[in-house]
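Structure first, then comments.
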Amino acid sequence: MGQTRVTGSGEDPRVTELRTAVSRLRRELAGHPGEFPDRAIAEDELAALDAMAVGGVPEIPRLRRSLLLIAGAIGSVSALASALRDVRVAVDLFGEPPRG
């Protein structure tokens, strides 16, 4: 198994990256003036991602499920594309879920 680096605060840098990306997307979503049908789904899943990150190293399958729901909910909102990409990159830092 590979070792995971920790920051000076003791937090896994992948978790830090995920929290930063989720926070940015939450802010941008909150400031986005347009309404769309699945906005509440995106907000709920971003809250779930944040809670997972606060709790330590999250479960990879749950991370990926939340990412898919968020992407499906806001994927067509081009103003949020950059922040959504950052969340995807942060989730990808955790690797692939184990196959079994």
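Basis for what follows: all heavy atoms, side chains included, without hydrogens, waters or symmetry-related copies.
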Rounded distance (nearest 0.5 Å) linking atom CE of Met52 with atom CZ of Phe94: 9.5 Å
Flag side-chain contact, heavy atom, 4.5 Å: Arg64 against Ile60: yes
Set of side chain to side chain donor-acceptor pair (under 3.5 Å) partners for Arg19, sequence neighbours left out: none
Closest contact, heavy atoms only, Ile74 versus Ala42: CG2-CB, 3.6 Å
Rounded distance (nearest 0.5 Å) linking atom OG of Ser66 with atom CG of Asp50: 11.5 Å
Closest non-hydrogen atom pair between Glu28 and Ala79, with its separation: OE1-O, 3.9 Å
Distance-minimising heavy-atom pair for Ala21 and Val87: O-CG2, 3.5 Å
Leu80 vs Leu29 side-chain heavy atoms within contact, under 4.5 Å: yes
Nearest-0.5 Å distance, CG of residue Leu69 to CD1 of residue Ile41: 7.0 Å
Heavy-atom closest contact (Leu46 atom, Ile70 atom, distance): CD2-CD1, 3.7 Å
Under 3.5 Å donor-acceptor, Arg39 side chain and Gly34 backbone: yes
Residues Arg24 and Thr20: side-chain donor-acceptor under 3.5 angstrom: no
Within-4.5 Å side-chain heavy-atom neighbours: Leu49 and Leu25: no
Atom pair CG/CG of Leu63 and Asp92 - distance to nearest 0.5 Å: 10.0 Å
Shortest non-hydrogen separation from Leu18 to Ala53 and the atoms involved: CD2-CB, 4.0 Å
Pairwise side-chain contact, Arg26 with Ser23, heavy-atom cut-off 4.5 Å (strictly under): no
Leu93 side, atom CG; Glu17 side, atom CD - distance, nearest 0.5 Å: 6.0 Å
Test salt bridge (charged side-chain N to carboxylate O under 4.0 Å, His left out) applied to Glu45 and Arg62, step by step: CA-CA 10 Å; Glu45 289 303 317; Arg62 180 66 176 106; 3.2 Å; yes
